[in-house]
Amino acid sequence: MTTLFISDLHLEESRPDITEAFLRFLDETASGVEKLYILGDFFEAWIGDDERTPLQEQVATALRKQRDSGTDIFLMHGNRDFLIGQDFCDRAGATLLDDPTVVDLYGTPTLLMHGDSLCTADLEYQKFRANMRNPQWQQMILQRPLEDRQQMARQLREISMAKNQGKEETIMDVTPEEVVRAMEAHGVQRLIHGHTHRPAEHQLEANNQPAKRIVLGDWHTHLWWLTVRPGEEPVLQKQPL
Ligand SMILES: [Mn+2]
């Protein structure tokens with residue numbers, strides 16, 4: 001029995017090497033596993049399930065094939081692809097997860113998040129996030145013509161890049177107190193998230209007990225994944241693209 005976690009692939013047309021690495025990962029590493037969790041920023045951008053680019057179709061087909069061979073697939077939104085909807089999930093055979101979600105990992109309750117909500121020092125971003133995650137705002141956006149949304153996505157990306165350039169490293173990382181708060185609110189000793197692109201395992205204390213925060217890596221230069229098996233400590237693994 002094996003469960004795998006990945007996040008922050010940032011799949012996009014201009015990086016076919018990452019798509020290839022992902023397809024290879026499904027065929028090799030993920031072959032025969034029980035569950036595969038994708039914890040956000042799977043795609044670099046998402047403007048609605050109706051876009052249906054060849055890349056999106058290719059990825060949906062590969063996930064569906066994986067599901068049909070016996071792997072349950074779970075998808076959580078990231079800050080890039082939070083508009084992924086039920087339609088894409090149906091095509092991919094994936095179950096959309098709320099952020100946060102607590103799952104029982106072979107007897108260990110584990111909190112799953114994308115991770116952007118933990119970066120509370122970035123007040124400007126948190127305000128932006130609250131707007132973007134508003135269902136009414138999302139419905140309004142999704143009703144606009146595809147071309148408008150494509151244009152908007154390009155603008156948002158430029159604004160985001162310009163803003164992040166001037167930001168302190170610590171602001172872009174999670175706030176330690178918020179990590180503890182989230183873990184205590186959910187009564188867990190283990191948290192898995194992505195988003196920060198700082199793959200690591202952190203020991204901390206929550207609920208007055210030892211706790212662990214595992215951060216998944218992005219796929220810019222390496223494939224990163226977390227392997228979890230019953231009775232074993234989770235293992236963070238990587239491989240060059
Ligand atoms: Mn992210």
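The figures here come from the full heavy-atom set of this structure, side chains too, leaving out hydrogens, waters and symmetry mates. As the structure lists them, so they are numbered: ligands from 1, and atoms in each ligand from 1. These numbers come from a predicted model, not from an experiment.
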Legend entry - Heteroatom of H195 nearest to the Mn ion (ligand 1) (N, O or S, atom name): ND1

Legend entry - Among the N, O or S atoms of D41, the one nearest the Mn ion (ligand 1): OD2

Legend entry - Spacing of F42 atom CZ and H114 atom NE2 [to the nearest 0.5 Å]: 13.5 Å

Legend entry - Pair D90, Q86: side-chain N/O donor-acceptor within cut-off below 3.5 Å: yes

Inset, instruction - Assess D116: does it contribute an N, O or S atom lying under 2.8 Å from the Mn ion (ligand 1)? - result: no

Legend entry - Distance (rounded to the nearest 0.5 Å) between N79 CG and M132 CE: 10.5 Å

Legend entry - the Mn ion (ligand 1) contact by S7, N, O or S atom under 2.8 Å: no

Inset, instruction - Assign the ring pair F25 / W219 to parallel, tilted or perpendicular, where the plane angle (0 to 90°) is split at 30° and 60°. - result: perpendicular

Legend entry - H114 atom (N/O/S) at minimal separation from the Mn ion (ligand 1): NE2

Legend entry - Aromatic ring pairing Y125/F128, orientation class (parallel under 30°, perpendicular over 60°, tilted between): tilted

